[in-house]
Amino acid sequence: MPKAGRYHEGVPCWIVLTTPDLPRAERFYGALFGWEFVPTGPAEAVATRYGAQVAAFTSAPRASVSAPAPQSAVWTTCLASRDLLRTAAAVRAAGGRIAREPYEVPDQGRAALAVDPLGAPFGLWQGGGVDGAALVNEPGTLTWNEHLSSDPDAARAFYHRAFGYGYGRPRAGHTLARASGLPACSIGPADPPGAAPGWRVHFGTADTDRATAALRGLGGTVRTGPGPTPFGRAALVRDDAGAEFVLVAVPPGESAEAA
């Protein structure tokens with residue numbers, strides 16, 4: 001089973017689902033991907049597959065008069081940092097902002113929430129007990145992350161300044177970003193055009209059509225696909241609380257079971 005090594009600065013390393021109903025989310029992803037959950041707080045959990053950490057779940061803040069509770073869930077991509085204070089300063093210097101200052105996640109690491117100049121939120125993660133996703137690139141795990149916005153050139157400039165990303169030649173408006181010379185993510189135009197900027201999470205599956213049917217049966221929705229892409233058969237979907245992600249076919253690992 002593919003296991004992640006040490007994450008380089010700026011590489012997507014961890015993903016967090018913020019959801020208004022944690023037990024509901026656990027049921028959905030447990031059935032879809034075979035994930036199990038380890039509580040890490042009264043409203044938090046770490047999702048595991050084969051005992052390896054694959055994602056974090058947290059409940060959305062409770063509603064108040066001044067801050068109504070969000071109506072849908074969202075996946076947040078977290079970029080690796082070796083020194084959170086230094087990375088936060090680099091984000092600010094490049095034109096981004098820190099929406100939540102660095103804070104401790106007991107027994108796991110340190111985190112912060114940032115927003116780039118396009119308005120796309122992303123996390124920063126300095127690993128401690130949890131370096132990041134420990135199992136990747138197989139069915140039921142994280143396989144890729146992409147940044148989508150109406151101005152990919154501005155996004156490329158920001159992430160180059162903040163994290164030192166290097167880029168290949170654009171293909172159909174999408175560019176492969178590298179960190180420390182290794183593939184990190186892709187940056188491209190908003191999908192669909194005019195959509196809010198953001199980071200999109202991709203999860204692997206051995207059979208995209210079967211996984212999409214399972215997702216529908218669990219109350220999720222399919223926005224586009226399944227259909228062929230240069231990277232495998234894929235579908236853009238939402239879970240039963242509205243969190244958007246991509247299902248993409250990857251070769252099954254040894255003894256892997258896929259949705």
Side-chain angles (χ1 to χ4, degrees), residues 1-2 12 14-40 43-60 69-78 133-146 148 190-192 195-196 198-259:
M1 290 176 282
W14 194 224
I15 48 175
V16 179
L17 178 71
T18 302
T19 179
D21 190 333
L22 186 61
R24 172 180 171 180
E26 291 179 350
R27 289 192 297 270
F28 181 91
Y29 288 95
L32 183 64
F33 293 137
W35 289 356
E36 297 181 333
F37 297 88
V38 179
T40 56
E44 298 173 340
V46 168
T48 68
R49 183 164 169 81
Y50 306 122
Q53 297 142 334
V54 293
F57 280 34
T58 183
S59 289
Q71 298 301 305
S72 63
V74 62
W75 279 104
T76 299
T77 293
C78 300
L135 189 64
V136 296
N137 298 331
E138 74 161 41
T141 70
L142 176 68
T143 61
W144 194 242
N145 303 76
E146 62 181 346
L148 302 174
D191 176 26
W199 282 84
R200 184 176 286 171
V201 174
H202 297 232
F203 293 110
T205 176
D207 185 327
T208 307
D209 293 80
R210 187 155 60 96
T212 301
L215 175 133
R216 283 195 179 101
L218 293 168
T221 57
V222 178
R223 289 194 57 196
T224 61
T229 76
F231 314 103
R233 191 165 177 81
L236 176 61
V237 301
R238 287 176 176 159
D239 70 17
D240 62 343
E244 188 174 274
F245 58 96
V246 172
L247 290 168
V248 60
V250 297
E254 295 181 8
S255 72
E257 296 177 0

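Side chains are part of it too, since the values below use all heavy atoms of this structure and drop only hydrogens, waters and symmetry mates.
Contacts of T40 classified as side chain to side chain contact (heavy atoms under 4.5 Å, CB included), with partners at least two apart in sequence or in another chain: E44, V46, Q108. Under the side chain to side chain contact (heavy atoms under 4.5 Å, CB included) criterion, L148 pairs with E146, H174, D191, R200, sequence neighbours left out. With sequence neighbours excluded, the residues forming a side chain to side chain contact (heavy atoms under 4.5 Å, CB included) with A235 are T208, T212, P226, V237, listed by chain and number. Taking the side chain to side chain donor-acceptor pair (under 3.5 Å) definition, one finds that W199 meets it with Y159, sequence neighbours left out. Residues passing the side chain to side chain contact (heavy atoms under 4.5 Å, CB included) test with V74, sequence neighbours excluded: T18. Listed by chain and residue number, N145 satisfy the side chain to side chain donor-acceptor pair (under 3.5 Å) test with T77 (two or more places apart in sequence, or in another chain).
Residues W14 and A133 approach most closely at CE3-N, 3.2 Å, considering heavy atoms. When every heavy atom of V54 is checked against every heavy atom of T141, the shortest pair comes out as CG1-CG2, 4.2 Å. Closest heavy-atom contact between R233 and D209: NE-OD1, 2.6 Å. When every heavy atom of A52 is checked against every heavy atom of L135, the shortest pair comes out as CB-CB, 3.8 Å. Counting all heavy atoms, side chain and backbone alike, L17 lies closest to A73 at CD1-CB, 4.1 Å. The minimum heavy-atom distance linking S72 with G242 is given by the pair CB-CA, 4.2 Å.
How far CZ of F203 is from CG of N137: 12.5 Å, rounded to the nearest 0.5 Å. L215 contributes atom CG, which lies 5.0 Å from atom CZ of F245 (distance to the nearest 0.5 angstrom).
Every pair passing side-chain hydrogen bond (donor to acceptor under 3.5 Å, both in side chains) that includes a residue from residues 20-29 is listed here, sequence neighbours excluded: R24-D240, Y29-W75, Y29-D239. A side-chain hydrogen bond (donor to acceptor under 3.5 Å, both in side chains) check over residues 216-225, counting only residues at least two apart or in different chains, returns the pairs R223-E244.
At least one donor-acceptor pair closer than 3.5 Å links the side chain of T143 to the backbone N or O of H202.
F37 places a side-chain heavy atom less than 4.5 Å from the side chain of F57.
Between F33 and W35, the two ring planes are tilted [angle within 30° to 60°].
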